[in-house]
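Worksheet: one structure, shown below.
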Amino acid sequence: MANNHTDHEHQSILSRRRFVSGVSLAGIAGLAGCGGQQAQQTATEASGDGGDETDADPTDSETATEVQATSEAQRKIQELAYITNQTLPVLPVMEKLAQSFQSTDDWNVPGADSDAVQTYWPTEWLPREGQWTATDDSDDDRLTFAQWAVPQDSQYNPWNGQNYGEARRLMFDRFMKYNLATQEYTGYAIQDWEVGEETVSLTVREGLTWHNGDDVTATDVANQVKLDIYNGGSLGNFVAPEDMGAVSDRVTTVDESTVEITLAEPASETILLAYLQPKRLTAHDDSYGEFVTALDEAADEDERASALSDLTNDTTPEPVGCGPFQFEDADSQRTLVSKYEDHPDADNINVPEAEYLYKPQNQGRWNSLINNETDGSATLFMPQNRLNQLPDSMQVSLIPRHWGMGLMFNFEEEPVDDVRVRKAIAHVVNRENAALNSGAGTKSKLAVTYPSGLTGEFNNQIEGGWLEGVVDEFETYGPGESQTEAAASLLRDAGYEKQNGTWQKDGEPLELPIKGPSGFSDWVTGVETIVSNLKDFGIKAESIMLDNSTYWGSDYSNGDFVVGLQGWASYDHSYPYFHFDWIFNSWDAKNAWNLPGEFESPILHDEERDSETVTPVDIVDELSTANQ
């Protein structure tokens, strides 16, 4: 699966701080967003992060906000962080603030400091709300953005991860909206909801129709929830954790507009809403009902696997959507969509068309923004030297993403199957330099201080929040230096010797090939620093950057790497549950990283376990229901 992260914008450090102060506390519990949660989280935003040049140092952090978690939840979070810190299933390198771009030339858009822009993926929300419109004197009748896949090869079946068309963002409505700044959920395709101990009810937005004129009904919503669960979506862990055969009985329609989801056990509302909100309503009954029926009626796992294969291999090049824009056509260079007049928010939109131009590399996207070819980008990393070339009309903002580039280890490959080697790598890599170089002068990348699976470097939420009281127990591995003595000791203990400047074992040099996506230019720069650190220490490291589709679609997803690049956290979520679920329980962890189920780790809290042999996913499951 691929992972595109791009990012955005430019917003002053002041506004960033304002945001940060709003993002604290228990509410911290859930910066949701599109992506992030489950198996298929991997990729599709392209690239890294960004930053702005005019600001003060972003590491000039906020005052820590008290973590409002119960002792039970806090303890489990700290235990999982400690296991991560001591075993390094992944090596978190940096955390990022995303750059987002909006043109003010011919367009009305909210200011970079506004809460409206802090709503993740502003290019899809702002047009719906009438906050991205053509000015009265504008002669531009088309919004222009960019997309990664070849337009005519794009398709719109979300359960087929290949070439998922970018125009989906305007053609399909999300279940809910989530404001990153205020941490508030508001209704959208789902206009109302109620979360109880045993059930969750969802009410469809009144007046919402499909582009062929059909009403959007509870059946369509139930289809969406079911297909996501059948395809491995994390909500299934709370609905039918042991038996997919129970899904059809647990996701039902009460009437034409109401869906009821029966929970297998009570769960945190924060977690449930975070999984429901980003869903994009795609499962039009006429288009996907046959797949739902086949999965609902499957007699056993073999039949269910066959039905799921039919779903995931299906392509939908010309979809029936429900959003404010509908599909028109696509060729080798662009996808064109037109305004759907019957959408409930159509009156907010004064632009008849939107187009997505084929831009498979960051460089092409930078040039398009600089030359006013595109009107904005939700998330895209742009280095400082290119930011300086933007026209004055291009507004840039920064949005915390709660994730960043990490080194993922393939546990079926030597030498990284040995924790001593992973720890040696952590000691050698200078994460501050990697973040600085990756940010390319934008100050949008922050080095991870405590490799623990926790996010919040930008507001001191880790040391001053989640790890309060236990931070001294955690290893930093030297975020701003290469701790070569500590690394050498670990490698000697693992049987390596340094000969002629190179670490060797049984006469073979210690080699570390690091694979990643070449289109993520900021990651490419960051990994060059890492490779340089490792080489200086005597490890034969090299970076192998592959085109995005080859890396995400083949090498990464097939586990064909020793060390690979991927986001180390569940992006757009701040509550640690999501990050630990990603690290220990995701499709990627199980299939790409080949993560073992058990680890050997010292104990932090005796209340959590009585053995150093631990199954982290068990604690993750417990955290899902722990009081916050």
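What you see below is based on every heavy atom in this structure, not just the backbone, and it leaves out hydrogens, waters and symmetry mates.
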key: No-hydrogen, no-angle side-chain donor-acceptor test under 3.5 Å, E528 and S543   = no

task = Check whether any side-chain N or O of Q361 sits under 3.5 Å from a backbone N or O of Q363 as a donor-acceptor pair, and report yes or no.
result = no

query = Between S586 (side chain) and A589 (backbone), is there a donor-acceptor pair under 3.5 Å?
reply = yes

inquiry  = If you define the side chain from C-beta out and look only at heavy atoms, does anything of R280 sit under 4.5 Å from M171?
reply    = no

ask   = For T525 and D522, does a side-chain donor sit closer than 3.5 Å to a side-chain acceptor?
value = no

query = Can you check side-chain contact (heavy atoms from CB on, under 4.5 Å) on D105 and M394, steps first, answer last?
reply = CA-CA 7 Å; D105 182 15; M394 191 60 69; over 6 Å; no

request  = Of all the heavy-atom pairs spanning S103 and V109, show the shortest one and how long it is.
outcome  = O-CG1, 3.8 Å

ask   = Given D345 and R128, is the salt bridge (charged side-chain N to carboxylate O under 4.0 Å, His left out) satisfied, shown in steps?
value = CA-CA 6 Å; D345 289 335; R128 283 173 163 84; 5.9 Å; no

ask   = Going by atom types alone, do D547 and S549 pair a side-chain donor with an acceptor below 3.5 Å?
value = yes

query = Can you tell me how far CH2 of W403 sits from CE of M94, rounded to the nearest 0.5 angstrom?
reply = 11.0 Å

inquiry  = Can you tell me how far apart CG (L546) and CG (D560) are? Round to the nearest 0.5 Å.
reply    = 9.0 Å

task = State, to 0.1 Å, how close L170 and P324 come at their nearest heavy-atom pair, and which atoms those are.
result = O-CD, 3.2 Å

key: Sub-4.5 Å side-chain heavy-atom contact between F327 and T335   = yes

inquiry  = Do P479 and V448 have side chains that approach each other closer than 4.5 Å (heavy atoms only, starting at C-beta)?
reply    = no

request  = Output yes when a side-chain donor or acceptor of Q155 lies under 3.5 Å from a complementary backbone atom of E318, and no otherwise.
outcome  = no

inquiry  = If only side-chain N and O atoms count, and only distance matters, is there a donor-acceptor pair under 3.5 Å linking N108 with T133?
reply    = yes

query = Any donor and acceptor pair, going by atom type alone, linking the side chain of N430 with main-chain N or O of E432 inside 3.5 Å?
reply = yes

ask   = Taking all non-hydrogen atoms of both residues, which atom of A434 and which atom of I530 are closest, and how far apart?
value = CB-CG1, 4.1 Å

query = Would Q395 and F101 count as a side-chain contact (heavy atoms from CB on, under 4.5 Å) if you check the C-alpha gap in whole Å, the side-chain angles of each, and the deciding distance to 0.1 Å?
reply = CA-CA 6 Å; Q395 168 178 290; F101 300 80; over 6 Å; no

ask   = Hey, mind stepping through F325 and K339 against side-chain contact (heavy atoms from CB on, under 4.5 Å) and telling me if it holds?
value = CA-CA 4 Å; F325 286 84; K339 181 180 170 183; 4.1 Å; yes

Test item: side-chain donor near acceptor, S521 and N362, under 3.5 Å = yes

query = What class does the angle between the rings of H402 and H579 fall in, given that below 30° is parallel, 30 to 60° is tilted and above 60° is perpendicular?
reply = parallel

key: Under 3.5 Å side-chain donor-acceptor pair for W107 and D375   = yes

Steps toward side chain to side chain donor-acceptor pair (under 3.5 Å) verdict (N437, T529) = CA-CA 7 Å; N437 293 334; T529 302; 2.8 Å; yes

inquiry  = With a 3.5 Å distance limit and no angle check, can you tell me whether N548 reaches the backbone of G519 through a side-chain donor-acceptor pair?
reply    = yes

query = When you look at CG of D392, are more than 12 heavy atoms from neighbouring residues, nucleotides or ligands closer to it than 6.0 Å?
reply = no

ask   = Do Q102 and V117 have side chains that get closer than 4.5 Å, going by heavy atoms?
value = yes

query = Distance-only, no hydrogens or angles: does the Q224 side chain make a donor-acceptor pair with backbone N or O of T282 under 3.5 Å?
reply = yes

ask   = Looking at CD of Q152 and CG of D329, how far apart are the two atoms once the value is rounded to the nearest 0.5 Å?
value = 11.0 Å

ask   = Quick check: does any side chain N or O of R365 sit under 3.5 Å from a backbone N or O of K359, one acting as donor and the other as acceptor?
value = yes

key: Contact check, side chains of T374 and F145, non-hydrogen atoms, under 4.5 Å   = no

inquiry  = I'd like to know if K279 and D228 make a salt bridge, using a cut-off of under 4.0 Å between side-chain N and carboxylate O.
reply    = yes

query = Any idea how Y275 and H573 line up, ring-wise: parallel (<30°), tilted (30 to 60°), or perpendicular (>60°)?
reply = tilted

task = Please check if any side-chain donor atom of S368 sits under 3.5 Å from a side-chain acceptor atom of E373, or the reverse.
result = yes

message = Would the distance check show the side chain of R401 and the main-chain N or O of Y571 forming a donor-acceptor pair, the cut-off being under 3.5 Å?
response = no

ask   = Any idea which heavy atoms bring K515 and D555 closest together, and the distance?
value = NZ-OD2, 2.7 Å

query = Between the side chains of E355 and T144, does any donor sit under 3.5 Å from an acceptor?
reply = yes

ask   = Less than 4.5 Å apart, any side-chain heavy atom of S438 and any of M405?
value = no

Heavy-atom side-chain contact between S557 and W587 under 4.5 Å = yes

ask   = Taking the six-membered ring of Y164, is NZ or CZ of R168 closer than 6.0 Å to its centre and within 45° of its axis?
value = yes

inquiry  = Is it true that N594 and N410 share a donor-acceptor pair across their side chains at a distance under 3.5 Å?
reply    = yes

message = Let me confirm one number: the CG-CZ distance from D581 to F578, rounded to the nearest 0.5 Å.
response = 8.5 Å

query = Backbone N or O of V150 within a donor-acceptor pair of the S154 side chain at under 3.5 Å?
reply = yes

task = Using only heavy-atom distances, determine whether the side chains of S482 and H427 contain a donor-acceptor pair under 3.5 Å.
result = no

request  = Kindly say whether S377 contributes a backbone atom to a donor-acceptor pair with the side chain of T123 at under 3.5 angstrom?
outcome  = no

task = For this output row, return yes or no: ring centroids of F520 and W148 closer than 6.0 angstrom.
result = no

Straight-line distance of L91 CG to R431 CZ, nearest 0.5 Å = 6.5 Å

ask   = Would the Y188 and W125 ring centres measure less than 6.0 Å apart?
value = yes

ask   = Do V90 and L407 pass the side-chain contact (heavy atoms from CB on, under 4.5 Å) test, and can you show the C-alpha distance, the side-chain angles, and the key distance before you say yes or no?
value = CA-CA 6 Å; V90 302; L407 300 185; over 6 Å; no

request  = Would you please say whether a donor-acceptor pair under 3.5 Å links the side chains of N371 and N367?
outcome  = no

request  = Evaluate the ring planes of F561 and Y556, with Trp represented by its six-membered ring, and classify them as parallel (under 30°), tilted (30 to 60°) or perpendicular (over 60°).
outcome  = parallel

task = Can you see which heavy atom on P151 is nearest to which on Y358, and at what distance?
result = CD-CB, 3.6 Å

query = With distance as the sole criterion, is a donor-acceptor pair present between the side chains of E457 and T449 under 3.5 Å?
reply = yes

remark   = To the nearest 0.5 Å, atom CH2 of W366 lies from atom CE of M382 at 7.5 Å

inquiry  = Can you give me the closest heavy-atom contact between D173 and H343, atom names plus distance?
reply    = OD2-NE2, 2.7 Å

inquiry  = Quick one about E328 and S338 (side-chain donor to acceptor, distance below 3.5 Å, no hydrogens or angles considered), yes or no?
reply    = yes

message = I'd like to know whether the aromatic ring centres of W582 and W593 sit less than 6.0 Å apart in this structure.
response = yes

query = Got more than 12 heavy atoms from elsewhere within 6.0 Å of NZ, K535?
reply = no

ask   = Would you say V351 and D141 make side-chain contact, with heavy atoms under 4.5 Å?
value = no

query = Counting heavy atoms not belonging to E481, are there more than 12 under 6.0 Å from its CD?
reply = yes

